[in-house]
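In the text below, chain A, chain B and the rest are named by the order of the sequence lines, each starting its count at 1. Values reported hereafter were calculated over all heavy atoms of this structure, with side chains retained and with hydrogens, waters and symmetry mates removed.
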There are 2 protein chains.
Amino acid sequence: MARYKVGLETQGKILEATRRLLSEVGFEAITVKAICAQAGIQAGSFYNLFATKDEAVLTVVRDAISAFDPDPEGTGNDTVESLVNAYTGFVTKDPELGRVYAQMAVTAALTQDHLAGRIQRHHEQRVERFTSAYVREHPAVPSSLAGHRMEILLGALNGLSIRWSIDPTFDICAHASLMVDELSTTP
Amino acid sequence: MARYKVGLETQGKILEATRRLLSEVGFEAITVKAICAQAGIQAGSFYNLFATKDEAVLTVVRDAISAFDPDPEGTGNDTVESLVNAYTGFVTKDPELGRVYAQMAVTAALTQDHLAGRIQRHHEQRVERFTSAYVREHPAVPSSLAGHRMEILLGALNGLSIRWSIDPTFDICAHASLMVDELSTTP
DNA sequence: GTCAATTTTTAGTATACACTCAATTTTGAA
DNA sequence: TTCAAAATTGAGTGTATACTAAAAATTGAC
């Protein structure tokens, strides 16, 4: 634990370097050596502040996941379209964070128990948020069907964002819009 | 390339060991050493038959996917529903292998160049396959719209399968069916 | 200004990995 | 039976990894 000013600064440098490298090379390819090079420090300094590589990586990823949280304040006035736009806007504006999230969801969630729980809780909250917006807009649709539809919508958004991260020419926004249209037919 | 009987047998042992280990430890943790131990052979034998570790892994994943192909001969008689069932069947029958597949789509594609091309090509072929099935079933829908819809469907399937790998109680088949229904409305 | 606590550096260790190669054994067509 | 091609072995290479330790330098409460 850092106690002096320089120690806290170094901690910040390490986390920033880790964040950047996670974006560049991903969760599985990141190395302590690269983090240290990026932060402009030596390995010994890293291990003076973090017990393991994973500790630094998980700290960054936790923050990245938090960044995906759709407005925890929740005023309750948003629409499905605005929520979708927020998602696609965020993913396309900060693709690296989206990548890290997708990577964590697929690879780390199953091996890191505490992260799996976080990711799942986060997802369920988001489904609820989308569902209540959908029900507000389509009062005729039973809430169970609404829930199913929003589960699909979010699954699709995640899948499309992965597709987009692999192929940046893929028009995720257009596909997301079409998806919203498809799911807005009342029957 | 194996030409003698023993060589073909060894090839089979290697693929079986790879399949088993992929299920047990996953894409990121599998090693050539472990594959060889599981197969009861030495590393040199492995490399006599496979150029790289990835070649064995890719062969296993590709075979697993083919096993659920509703129309392996490519006679053009498959339906969107059968293709979707093939996908969910693949993912739910061997969850770990399904996870490996998703992982490859997210991670390997971004960190390993040679895999990225293969995965993207595989995806595009699949979109074409889904689209032609869709057009066959819905001749009234313009093929460009059909393409968009199938791109969404596959994105959603990928997203839902990741969701399912995190939460095995998630009913991926029901959601996939509903998704097909939603995308079958002609307008 | 002192000096113990903290931070940084330097120079490692140990280990695991994918992959190679020359020597040896096995195969199977003739 | 012969023998070249194929298969196997087992020791080995080089490289990269996470992590450590001791010494030197820096910090900041007093």
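- With A:Y134 contributing its side chain and A:L183 its backbone, the two residues share a donor-acceptor pair below 3.5 Å.
- Ranking C:dT7, C:dC19, D:dC19 by closeness to the A:T52 side chain, first place goes to D:dC19.
- Per the geometry, CG belonging to B:N48 stands 18 Å off P belonging to C:dA18, to the nearest Å.
- Under a cut-off of 6.0 angstrom, the local environment of CZ in B:R136 is crowded, with over 12 non-hydrogen atoms contributed by other residues, nucleotides or ligands.
- When the C1' atoms of four end pairs are superposed on the next four at each end of the helix from C:dG1-D:dC30 to C:dA30-D:dT1, using five pairs per end, the two resulting axes differ in direction by 10°, to 10°.
- If you run side-chain contact (heavy atoms from CB on, under 4.5 Å) between B:R149 and each of B:V80, B:T131, B:V141, only B:V141 comes through.
- A distance-only check finds a donor-acceptor pair linking the side chain of A:K53 to the backbone of A:I30 [under 3.5 Å].
- Near-neighbour residues of DNA chain D inside residues 8-16 of chain B, defined by a heavy atom below 4.0 Å, number-ordered: B:T10.
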Protein-nucleotides 13-15 of chain D N/O pairs closer than 3.5 Å?
none

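- Atom CD in A:E55 sits roughly 14 Å away from atom C1' in D:dC19 (whole-Å rounding).
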Begin with the C-alpha distance, continue with both residues' side-chain angles, and end with the deciding distance and a verdict on side chain to side chain contact (heavy atoms under 4.5 Å, CB included) for B:L157 and B:F130.
CA-CA 12 Å; B:L157 286 177; B:F130 273 63; 4.2 Å; yes
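- When heavy atoms are screened at a 4.0 angstrom cut-off, A:I35 is found touching no nucleic acid atom at all.
- Between the side chain of A:S143 and the main chain of A:A146, no donor-acceptor pair closer than 3.5 Å is present.
- Distance from the side chain of B:Q42 is smallest to D:dG10 among C:dT9, D:dA18, D:dG10.
- The NZ atom of B:K33 sits 15 Å away from the P atom of D:dG10 (whole-angstrom rounding).
- Nearest heavy atoms, A:L160 versus A:A176: CD1-N, 4.4 Å.
- Two different hydrophobic clusters hold B:V84 and B:V135 under the rule that ILVMFWY side chains link at heavy-atom gaps under 4.5 Å.
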List, one per line, each side-chain donor-acceptor pair under 3.5 Å for residues 6-15 of chain B, sequence neighbours excluded.
unit_1 : atom_1 : unit_2 : atom_2 : d
B:T10  : OG1    : B:V6   : O      : 2.9

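- Considering only residues two or more places apart in sequence or on other chains, B:D63 meets the side chain to side chain contact (heavy atoms under 4.5 Å, CB included) condition with B:T59.
- As rounded to whole Å, 13 Å separates atom C1' of C:dA18 from atom CD1 of B:I30.
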Apply side chain to side chain contact (heavy atoms under 4.5 Å, CB included) to A:R126 and A:Y87, showing your working.
CA-CA 11 Å; A:R126 194 143 68 162; A:Y87 184 100; 3.3 Å; yes
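- The CG-C1' distance, from B:D54 to C:dC17, rounds to 13 Å in whole Å.
- Rounded to whole angstrom, the span from the NZ atom of B:K53 across to the C1' atom of D:dA16 amounts to 14 Å.
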Using a 4.0 Å heavy-atom cut-off to protein, can you give one letter per nucleotide of nucleotides 20-30 of chain C, 5' to 3': B if the base is in contact, S if only the sugar-phosphate is, - if neither?
BB-----BS--
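- In A:R20, the CZ atom is not crowded: 12 or fewer heavy atoms of neighbouring residues, nucleotides or ligands sit closer than 6.0 Å.
- Taking atom CG on A:L49 and atom P on D:dT26, their separation rounds to 17 Å, with Å as the unit.
- Enclosure of atom CD in B:Q38 by more than 12 non-hydrogen atoms of other residues, nucleotides or ligands within 6.0 angstrom is indicated.
- Counting to the nearest Å, the P atom of D:dG10 and the CD1 atom of B:I41 are 12 Å from each other.
- Pairing each heavy atom of A:C36 with each of A:A43, the nearest pair is SG-CA, 3.7 Å.
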